[in-house]
Structures are given as structure tokens and as C-alpha cells.
Amino acid sequence: MNPLSEIRARFSTTLSGMVDDPENLLSMIRPAGDSKFGDYQANCAMPLGKQLSRSPRDIATEICESVQLDDLCQKIEIAGPGFINLTIDDDWLKTGLTAALGDERLGVTRVTEPKTFVIDYSSPNVAKPMHVGHVRSTFIGDAISKVLRFVGHTAISDNHLGDWGTQFGMIIYGYKHFLNEAAYQKEPVAELGRLYKYVRKLMDYHAAVKRLPELETSQEELNSKQTELESTNVQGDKKAEKQLKKQLRQLKAKIGDQAEAVLALKAKIAEVDSDSGLAEDASAHPNINQNAQLETAALHEGDATNQGLWEEFLPLCRQDMQKIYDRLDIKFDYELGESFYHSELAKVVSDLTDKGYTKESDGAICVFLDNHNAPMIIQKRDGAYLYSTTDLATIKYRMEKWNADACLYVVDHRQSEHFEKLFDVARLWGFDEVELAHVAFGTVMGPDGKPYKTRSGDTVGLSGLLDEAESRALEIATNQNPDLTEDRHLEIANVIGIGGLKYADLSHNRGSDYEFNYEKMLALRGNTATYLQYSFARVQGILRRTEADVASIRTNPGEFIFENEVERQLGLKLIRFGEALDEVLVEYKPNVLCNYLFELSQLFAQFFDKCSVKDASSEDLKKSRLQLCDLTARTIRGGLELLGIGVLDKM
RNA sequence: GCACCCGUGGCUCAAUUGGAUAGAGCAUCGGUCUUCGGAACCGAGGGUUGGAGGUUCGAAUCCUCCCGGGUGUGCCA
């Protein structure tokens, strides 16, 4: 049991005697904001004072007299308007540490009421190369799944692959018209990838040719509007002047954006025009955009040829994708893609219609919701279904198959409105017991503060990203430790390269955008994976150097001794591993665990500096310090493991 | 137009969801140490949390308005 839950349990008894619902008050017990106030603080006396119209300090006194804390806290103080400051008792702490030492779970107790979570993450489109945008979903989802499992929940990870979408129409079209048979025999996935990109280029070309004149016209309009605004005379009227300025500024920004868009379109056109083969195919396939769509439609309608091709392509594409997951060491319990649900979609619509929740509008079948202007469309005018339909079928399946208590969707924050609607419709449909949560995350930004793109404006491919991270890591590993063998260098590069990438992502609050930066990601200092991995390796160094018998330390521990203040701080931090994990799950935020591990490593560095193990003044003290070392190493390793990050004994 | 999100030292980010003097890491400057792994430790400077009001014992956090930025917005996923 971690100190926080223990304190809350003790307070619970007292507070339930004072109010009906103590839950809210209990959440006001938390780690002290400043260590000079002690280890924990209870802030519940202030609101309680207000509620009961009494002096908060009196209430605080009353609470302190009633709560049973003798063994748990060595100091209890009331401060300021009514803060209750608590300092954990050293003996209690030492007992906890001793227990953690002999426990594989480091003293972290399992939840008393395990739940079943379905976590939907990663979800790339197969047959399209994975890119930097898939990184966050994959890492965050994986970390949350692991933490859920560790604390005792059932976590079912499900990779909801996009394996039924328009990209297959494109590939099928490409296969039928542009296939290089020899290349396909030799390296099928590479050839399919080429076909996808090839068709994409041709489609983009035609779309650009069509769009360009419209854009140029609108550009002219904007320009003339700018001239008009610039010549408007509003002198004397300050308010109008200000408004005009604002309008002009916004207009200029829009013109800039459009100019960029025009350039991008022109580039796409030029790319095709400058290549005689592409140009020829472009003019030979003027209706490629519509025809590719028709191939998709044919696939969905069960056309034998297309169905056969899809069945041929899919395993190849999935195999290819698996390579990336293997490099990242990410595994899923299930990979039920969109195709898995396609036979259920008609039933979703008919069922919702039978229950009277749908309405036809402009030929489409919709569910209208009170708190949204636009309805959720579940069947298009042409009869085709949408991803909202698939998502509904998926919820139904997950409830029937796994009876989930919660479904978490680790998806980019731009889809928040979609999920609001989806969850509303699901509840309307009858799935109102399950917790449905959109675990949203921000965008990965480039150094220019805009979404991370290559210089040519394309999204950044994931496999290239991993290559770059590992090759930079290799350079660092080689420079830092030239004596090691090349194999060792490669192993280190893999662990710190991939680990650095994951940690850079996970250590940011998932809700915020963050800037992608190789240097910072792999920096040897600061809040990075390398710093934590280095701390771990240093502990291993101590254990090696002192020839410590770790097994016997765990089974036959000696007393913990806090000779130096930092030893106590380190011990307290160690015992709070479980608190950090609980906190991660409150809002599904892995960065809480990152912060915890970083702070732990910083405390260890101080301990390392001040408290020599090798030259400890007595055997008892040396043993106590070895115990702290062992716990530190196991906590860092265990914590990083939950984040999907590895460690090395030597690096 | 409407809806949602964001704005925190020079830079990159935290802040346990309303708690005490807003914390880290880079960078800058200074210091420790003949290292149980220097990929270390200690210290200093640097902030009106975009601005103005309001709510209360207490606000980066909640409310209103303004400024600036982003995202989404009826048949893509």
C-alpha cells in the first residue's frame, strides 16, 4: 500500500462521520507542494469549514484529533488557513521499503476491483506507409495498456486497422493498370507500395489540375479585396481602424496560405509533367480518381476479382507493417480491422432505425443529437457506410465479446467531435454502462512550429524516422564508449534510440502539441530516456563494484538507515511508485510516470554523490544503501518497462 | 459564421485539476570533485502565467470581455 492511499484510508473513517460524501474531500489529500510542509497535505478543512460554517482551523484540529495516524505519521501540523501537514513516520517508511524489497511488484498492490479495458490504439491504414502521426497513438496506447495490466486490470489491446478503405481501390486500380510483374514476384509489398504512391500521384495530379484555376481565381479575389481594404478610409474612427487592421492581417495570412497551396499544387503538377512516363499515364487515365473509387465500391460489394486481390494483398501488407511493430516491440492482443465489421454495418443502421433514432436527411441516414448541429451520418446517400458506422459496430462487438467496462480510444485530438457524437449515439443505442473515453493527443510539430513534415512537405515516414534515431544513437554510443565492440554499440543504439523516441513522446502531456527534435530526444542530460537509462546503469555499476549479492539482500534484508536526508527522500520516492501509477490512470497520462522516474533518478544522482556505498562507515549502512540501490534499479527498470522502454546494465 | 482547444523565464516543457513563495531541463554565469560510471553534483540570474475585470480564505487553473494562435465543422478516415 502506498502512503497516499494509506493516509486516505485513515482519513476516510473520520470524514465519513462528518459528511455524507467524503470522496471529494479525500481527493484533497495529496503530496505536499513543498517539502518544508512535510510529505503530504490534507486541504479538506477549508471547504469543510465553509460547508459547516465553522472555523477551518477548528475543523482541522478536530480531524487531527480523530484520525488514527500514530504509526503512520511522525509529525502532524496545522498551518495557514487550515492546511494539515503530514510527515511520514520513518519506521513506517522503512517497513514499507523492506516489504517492497522482497516483493516482485515492488510493493505495488493490485486494484481491489479489476475492470476490463479495451484500448484502441495505433490504427494505421494498411498498405500506406506508417508515418510520424502514428507514433503517439502507438506509444501512449501501449504504455496505458501496460500500466493498466500492472495494477491488476484486464487490458485488451486492439489495433483497429484501416484495412477496408479507399487505399485498396487505389492499389487495385494500380495493380490492374501499372503492375510490374517481375517486381511483384520479387518484392510484392514494395511493388504494392509503389503502385499506391503511383496512383496517388496521378490522382493528386488530376485533382490539382482541376483545383488550380479555382484557387487562382480566389487568389485574385482576395488580392482585390486587399486593395479595397487598403484604400478604405476610416480615419478618425479608432474602432473601425482597429477592425480594419485585423481584417487586413487575417486576409494577408489567408493569402499567404493560399499562395503556399498554389505552389504545392503546381509542384504536384510539375512532378508529373516533368516525367514522360507519368505524364503519359496521366493523360491516358483522365478519370483515375472516379475509377479508383469504383474499385473500392466494387470491393465492398463483393466483386470476386477485387475481393480476391484484397485477400492476396492484405497479409502481405500486414506482414510489412509488423516489421515496424517488431522494431518498436509493440504487440497487440487483437488486430480487428475495419474489414472485420463490414458485414455488420447494415445491421447497425437497421437496428438504430428500428429503435427510432435515425432520420433521413438529404438522402442520407442520420442520427441527430441535441448538443451538436451536424448529425452523425451512418449511411451515405449512395448507400455506402462510413467510419462512424464501423465504429458503432465495433463498440457493439467489444461489448458483446468482452463485456468491457471501458473503451479507450487513443486518437489524435482533431477527432474529438467525432468521438463525442459516437459516444452519444452509442449511449443512445443502449451502451450506457461502459466508460467511453477519447484519449486525445496533440500534434507532433517540426522546428518551424508547424506539423512535422519533410522539406518537400510530405509526412515523415516512420521507418526512416526509426533509422535516423538509431543511427544518431549509434554515433553517440560509439563516441561515448569507443572501446566496446560494434555489436554492443548496435545494441546500445537500439535501446537508447528507440527508447529516446518513445520517451520524448510519452514525457509530454499527451494533450499538448510538442516539438520533435532528435538532439533533445537523445540528449544525455535532462528529462530524457538516456538520463534514466544512465541512472540505471550507474546503479548496476555500484552493484558490480561492491560485488553485492542481490538475491540475499532481497531475502535477508537489513534495517534501512537514513543517515543522510537524501536517503530518506530516495526511500520515500521509491515507496511512492504505486502512487505514480495510480495517477497515470486518473486521466490516462503516461507523462506522470515519466516525471516520477525523472525525479527518482535525480534523487538517486544526489544520493550517489553524497552517500558512498563502497566507503560506507559501517557494514549496516552499506547494506542499507545497497538496498536503496537495488530498489532504485528495479523501480527505474520496471517503470521504463511500463513505458515500453528498455535498459542496459552497461552503456 | 458556429463549436472546441491553446497562450507559462531566451528556448523546450511541467504544474497531482482551486492550494501555501508557479517548477524542471536546455542555454548563460559561477562553484564542487585526484569519479562506487563526469552521461555527475551544488548554486545564481532570469516570470505581472497574453491583457483587463470578476468569483473567494486562496486562481496558471473557474466566469465575462478583449488580443493572438490552432483544430474541427453534412455524406473521407
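Computed from a predicted structure; not experimentally measured. Sequence lines set the chain letters: A, B, ... in the order given, protein chains first and strands last, and positions in each chain run from 1.
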Next on the checklist: Is a donor from one side chain sitting under 3.5 angstrom from an acceptor on the other, for A:T353 and A:T358?
Outcome noted: yes
Checklist outcome for this item: Which of B:rC75, B:rC13, B:rG25 is nearest the side chain of A:F598? It is B:rG25
Item to check | Pairwise C1' distance, B:rA59 and B:rG19 [rounded to whole Å] | outcome: 10 Å
Checklist entry - Less than 5.5 Å between centroids and less than 30° between ring planes, does A:F83 satisfy that with B:rA20? => result yes
Item to check | Interatomic distance where NE2 belongs to A:H508 and P belongs to B:rC6 [whole Å] | outcome: 17 Å
Next on the checklist: Using the C1' atom as the point on both nucleotides, what is the distance between B:rG51 and B:rC11, in whole Å?
Outcome noted: 23 Å
Checklist entry - For B:rA27, which nucleotide in any strand shown is its Watson-Crick or wobble partner with both distances under 3.5 Å? => result none
Item to check | Centroid separation A:Y387 to A:Y385 less than 6.0 Å | outcome: no
Checklist entry - When all nucleic acid strands are considered with a 4.0 Å heavy-atom cut-off, which category describes A:K36: base, sugar-phosphate, or nothing? => result base
Checklist entry - Mind checking who B:rA3 pairs with, Watson-Crick or G-U wobble, both distances under 3.5 Å? => result B:rU71
Next on the checklist: Taking any heavy-atom pair under 4.0 Å as a contact, classify A:A537: base, sugar-phosphate, or nothing.
Outcome noted: base
Checklist entry - Out of B:rC13, B:rC75, B:rA39, which has the shortest distance to the side chain of A:E515? => result B:rC13
Next on the checklist: Please tell me if A:N43 has a side-chain N or O lying less than 4.0 Å from either OP1 or OP2 of B:rU16.
Outcome noted: no
Checklist entry - Across the strands shown, which category fits A:D391 at heavy-atom distances under 4.0 angstrom: base, sugar-phosphate, nothing? => result nothing
Next on the checklist: Mind checking if A:C611 touches a base, just sugar-phosphate, or nothing, with heavy atoms under 4.0 Å?
Outcome noted: base
Checklist entry - Using 30° and 60° as the class limits, which term best fits the ring planes of A:H300 and A:W164: parallel, tilted or perpendicular? => result parallel
Item to check | Nearest-Å distance once atom P is located in both B:rU48 and B:rU8 | outcome: 12 Å
Checklist entry - Between the base of B:rG74 and the side chain of A:S361, is there any donor-acceptor pair under 3.5 Å? => result yes
Checklist entry - How is A:F608 classified with respect to the nucleic acid when contacts are heavy atoms under 4.0 Å: base, sugar-phosphate, or nothing? => result base
Checklist entry - B:rC41, B:rU16, B:rC36: which one has an atom nearest the side-chain heavy atoms of A:Q606? => result B:rC41
Item to check | Atom-to-atom span, CD of A:E338 to P of B:rA77 - whole angstrom | outcome: 8 Å
Item to check | Modelled atom types, side-chain donor and acceptor of A:D505 and A:Y514, under 3.5 Å | outcome: yes
Checklist entry - With sugar-phosphate meaning primed atoms plus P, OP1 and OP2, does A:M376 contact a base, only sugar-phosphate, or nothing at under 4.0 Å between heavy atoms? => result nothing
Next on the checklist: Give me the distance, rounded to whole Å, that separates B:rU71 from B:rG25 when you measure between the C1' atoms they each carry.
Outcome noted: 29 Å
Next on the checklist: Just to be sure I understand the rule, does A:S507 reach a base, reach only the sugar-phosphate, or reach nothing, if contact means heavy atoms closer than 4.0 Å?
Outcome noted: nothing
Next on the checklist: Between A:F83 and A:F37, is the ring centroid distance below 6.0 Å?
Outcome noted: no
Item to check | Pairwise C1' distance, B:rA44 and B:rG37 [rounded to whole Å] | outcome: 28 Å
Checklist entry - Is the base of B:rA39 touched by the side chain of A:Y534 through a donor-acceptor pair closer than 3.5 angstrom? => result no
Next on the checklist: In this structure, how many angstroms lie between the C1' atom of B:rC36 and the CG atom of A:L621, rounded?
Outcome noted: 13 Å
Checklist entry - Any idea which of B:rA77, B:rC36, B:rG19 is nearest the A:Q415 side chain? => result B:rA77
Next on the checklist: Between the base of B:rU73 and the side chain of A:K421, is there a donor and acceptor pair under 3.5 angstrom?
Outcome noted: no
Item to check | C1' atoms of B:rU21 and B:rC5, separation to the nearest Å | outcome: 31 Å
Checklist entry - Base, sugar-phosphate alone, or nothing: which one does A:C629 contact when heavy atoms must sit under 4.0 Å apart? => result nothing
Checklist entry - NA contact type, A:N595, heavy-atom cut-off 4.0 Å: base, sugar-phosphate, or nothing? => result sugar-phosphate
Next on the checklist: Regarding A:D615, tell me which of base, sugar-phosphate or nothing describes its non-hydrogen contacts under 4.0 Å with the strands shown.
Outcome noted: nothing
Checklist entry - Starting at NZ of A:K650 and ending at C1' of B:rC36, how long is that distance when rounded to a whole Å? => result 15 Å
Next on the checklist: Let's see if you can work this out: which of B:rU16, B:rA15, B:rA39 has an atom nearest to the side-chain heavy atoms of A:T530?
Outcome noted: B:rA39
Next on the checklist: Once you apply a heavy-atom cut-off of 4.0 Å, does A:L386 come out as touching a base, just sugar-phosphate, or nothing?
Outcome noted: sugar-phosphate
Item to check | Spacing between A:D609 atom CG and B:rA39 atom P, to the nearest angstrom | outcome: 14 Å
Checklist entry - For the ring pair A:Y121 and A:H160, is the centre-to-centre distance below 6.0 Å? => result no
Checklist entry - Looking for any heavy atom pair under 4.0 Å, which part of the strands does A:D582 touch: base, sugar-phosphate only, or nothing? => result nothing
Next on the checklist: Quick check for you: among B:rA40, B:rA20, B:rG19, whose closest atom lies nearest to any side-chain atom of A:Y531?
Outcome noted: B:rA40
Checklist entry - Quick one: does NZ or CZ of A:R30 land under 6.0 Å from the six-membered ring centre of A:Y40, within 45 degrees of the ring axis? => result no
Checklist entry - Picking from A:T530, A:T528, A:N527, what satisfies side chain to side chain donor-acceptor pair (under 3.5 Å) with A:Y503? => result A:N527
Checklist entry - Among B:rA15, B:rG74, B:rC36, which is the nearest nucleotide to the side chain of A:R545? => result B:rC36
Checklist entry - Quantified in whole Å, what is the P atom distance between nucleotide B:rG70 and nucleotide B:rU55? => result 34 Å
Next on the checklist: Among B:rU71, B:rA39, B:rU12, which nucleotide has an atom closest to any side-chain atom of A:R414?
Outcome noted: B:rU71
Checklist outcome for this item: note: A:Q480, atom CD; B:rA40, atom P; distance rounded to Å ~ 9 Å
Next on the checklist: At 4.0 Å (heavy atoms only), tell me whether A:S416 reaches a base, stays on the sugar-phosphate, or touches nothing.
Outcome noted: nothing
Next on the checklist: Quick test of the criterion, 5.5 Å between centres and less than 30° between planes. Is A:F37 stacked on B:rA20 or not?
Outcome noted: yes
Next on the checklist: Distance check, P atoms only: B:rU61 and B:rG54, in whole angstrom units.
Outcome noted: 14 Å
Item to check | No-H, no-angle donor-acceptor pair, A:D412 side chain to B:rA77 base, under 3.5 Å | outcome: no
Item to check | Proximal nucleotide (of B:rC57, B:rA20, B:rA14) relative to the A:N591 side chain | outcome: B:rA14
Next on the checklist: Please tell me if A:S512 has a side-chain N or O lying less than 4.0 Å from either OP1 or OP2 of B:rA14.
Outcome noted: yes
Item to check | Spacing between A:L532 atom CG and B:rG25 atom P, to the nearest angstrom | outcome: 13 Å
Checklist entry - A:A523 near the nucleic acid: base, sugar-phosphate alone, or nothing, with a heavy-atom cut-off under 4.0 Å? => result nothing
Checklist entry - Tell me: OH of A:Y514 to C1' of B:rC6, nearest whole Å? => result 18 Å
Checklist entry - What does B:rC62 pair with, Watson-Crick or G-U, if both distances are under 3.5 Å? => result B:rG54
Next on the checklist: Any strand counts, and the cut-off is 3.5 Å on both contacts for Watson-Crick or G-U wobble. Which nucleotide pairs with B:rA77?
Outcome noted: none
Next on the checklist: Base of B:rA20, side chain of A:Q41 - is there a donor-acceptor contact under 3.5 Å?
Outcome noted: yes
Checklist outcome for this item: Side-chain contact check for A:N481: nearest option of B:rA15, B:rC36, B:rA39 is B:rA39
Item to check | A:N2 and A:S5: side chain donor to acceptor below 3.5 Å | outcome: yes
Next on the checklist: Any salt bridge linking A:K450 with A:D448? Criterion: basic side-chain nitrogen under 4.0 Å from a carboxylate oxygen.
Outcome noted: no
